[in-house]
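To keep things clear, I will list the structure first and then write my remarks on it.
Hydrogens, waters and symmetry mates are skipped; everything else that's a heavy atom, side chains included, is used. Note that the coordinates shown come from a computational prediction; the quantities given were computed from them, not determined experimentally. So you know, we letter chains A, B, ... as the sequences are listed, proteins then strands, and number each from 1.
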Number of protein chains: 2
Amino acid sequence: MALRSISEIRRLELKQAAFEVMQTEGVQGTTLEKVAQHAGAAKGIVLHYFKSKKQLFEHAMRHANSLLRDEVAARLRRAGSPSERLWAIIEGNFAPAFYCPPVCHAWLSLCAEVPRDRQLERIQHVIHRRMRSNLRSALAGLAPADEIDAIALGITTLIDGLWLRAGLQSGGFGQREALAQMNDYVRHRLGEEAMTGRSAELRALLADGKAVGGG
Amino acid sequence: MALRSISEIRRLELKQAAFEVMQTEGVQGTTLEKVAQHAGAAKGIVLHYFKSKKQLFEHAMRHANSLLRDEVAARLRRAGSPSERLWAIIEGNFAPAFYCPPVCHAWLSLCAEVPRDRQLERIQHVIHRRMRSNLRSALAGLAPADEIDAIALGITTLIDGLWLRAGLQSGGFGQREALAQMNDYVRHRLGEEAMTGRSAELRALLADGKAVGGG
DNA sequence: CAGTTTATTGACCAACTGGTCAATTCTTGA
DNA sequence: TCAAGAATTGACCAGTTGGTCAATAAACTG
């Protein structure tokens, strides 16, 4: 997608910068000054493109999530079978560009603001709804209808939990351990036939069959 | 445990007040003024008992967690079999006094500060270490040795994820749904023999065998 | 009771922050 | 070229916050 005006370029730069500052400073420590500086501009410019700090953060959250959404969508497009779709979702959520301590921390920090910002709450709600919808569609061919909701919830909860731990930045798990845990869950909850959709990279990464230990 | 001096009483009051303010305002919005007011005192008194705001928050986190720790410990004392110990841990983490949106939100908010406060990080580390140790000891009699770590990690991750969702305060799950999800995991990962340790209350709450849907 | 320690208060300060605004520079198109 | 509009800047403001401090009240002690 091409960026039409300078205005749109600047807006993109600024929300990107905001999210990057959040990765090290948290929402708490992300000031307009720091965002502007990180984008190589003066502070005033930020409020020229965004009505308020709150709105900047909301756009930053939306933008950051749209990258993850696109990552998953691209993998889903390449997936054929239900089990491939399932693993497209899971592997997309643990792609190195997203599942890393700084990004998880920024996301965690934004989550902590959700109860006090109705707009953030809406965004979060959309994210969860899309995740559930994706999972339901993939699971439809893999599990009895009356178990799909429980399994979808189990998977999203595990993903959330692993992201949370990664966001703590200590005692977190690397991509390998995280995917091994997802592996463990899916194998035991859905059975061997749900494992055929894993990518070759994932199989290689996990060196199949090994257990996953705690950190 | 009796509180010896007035000083200790005040300190307890203040960290309790701090945690309660966090439940509605988040770490970000918890100011010394608000904490003092919530404790019915003047702002100056807070810094008379705690060296700094950071230190107050650290003590508040420790205190809040010690309540949860005691809850689990009390249930563990009443537990006999490994499966009873397992469910003591799980049910303790979803006791109504702890697993509720305000408390989960305060905890979530504190987690978001972990990467920028080495002391909070240490506390978080101790919490996770205790959880893993408790789970390992309970699981030792329920699963093959080489699967224990994976299962312990799965359980803590699910608990973290469910707390996170509850902390978002919207789209969160009630105690019943959360425990149903833990039920689902343990039954499929450990088998029916691991289900005997559930309390009568939990069995009644779940009306056994029903699936858990997404919210 | 006198004196010493401890608890408590509220005024005060310096730093920071989000937001406003007038002035200036840059772009653009007729 | 030149005027109109957009982009950009930095000074400025008002409110808030963590933290300090001197003064006062209360509690304790010998």
(request) For D/dT8, take OP1 and OP2 only and decide whether either is under 4.0 Å from a side-chain N or O of A/His48. (result) no

(request) Report yes if at least one side-chain N or O of A/Arg10 is closer than 4.0 Å to OP1 or OP2 of D/dT8; otherwise report no. (result) yes

(message) Are B/Phe19 and B/His63 an aromatic pair, judged by ring center distance below 6.0 Å?
(response) no

Which whole-number value in Å describes the distance from [X] [atom1] to [N] [atom2]?
X	N	atom1	atom2	result
B/Glu13	C/dA7	CD	P	13 Å
A/Gln37	D/dT9	CD	C1'	15 Å
B/Ile45	D/dA23	CD1	C1'	14 Å

(message) Strictly under 4.0 angstrom, non-hydrogen atoms only: write out the protein contact profile of nucleotides 11-20 of chain D, one letter per nucleotide from the 5' end, B, S or -.
(response) ------SBBB

(request) Find the distance between CG (B/Leu68) and CG (B/Asn93) and round it off to the nearest 0.5 Å. (result) 5.0 Å

(message) Less than 4.0 angstrom from a charged side-chain N to a carboxylate O is my criterion; do A/Glu8 and A/Arg11 meet it?
(response) no

(message) I want to verify a distance call: between D/dT9, C/dT9, D/dT8, whose nearest atom is closest to the A/Tyr49 side chain?
(response) D/dT8

(message) If you apply the rule side chain to side chain donor-acceptor pair (under 3.5 Å), what do you find for A/Glu91 with A/Ser199, and how did you get there?
(response) CA-CA 8 Å; A/Glu91 291 182 43; A/Ser199 68; 2.6 Å; yes

(message) Could you walk me through whether B/Arg198 and B/Asn183 satisfy the side chain to side chain donor-acceptor pair (under 3.5 Å) test, starting with their C-alpha distance in whole Å, then the side-chain angles of each, then the deciding distance to 0.1 Å, before giving a yes or no?
(response) CA-CA 9 Å; B/Arg198 292 177 301 169; B/Asn183 216 52; 2.9 Å; yes

(request) Specify the angle, to 10°, made by the local axes at the two ends of the helix from C/dC1-D/dG30 to C/dA30-D/dT1 when five pairs are taken at each end. (result) 10°

(request) Answer yes or no: is there a donor N or O on one side and an acceptor on the other, between the side chain of A/Thr30 and the main chain of A/Gly26, under 3.5 Å? (result) yes

(message) We want to know whether A/Arg129 and A/Asn134 form a side-chain donor-acceptor pair, criterion being a heavy-atom distance below 3.5 angstrom.
(response) no

(message) Please enumerate all residues that pass side chain to side chain donor-acceptor pair (under 3.5 Å) together with A/Arg69, with sequence neighbours excluded.
(response) none

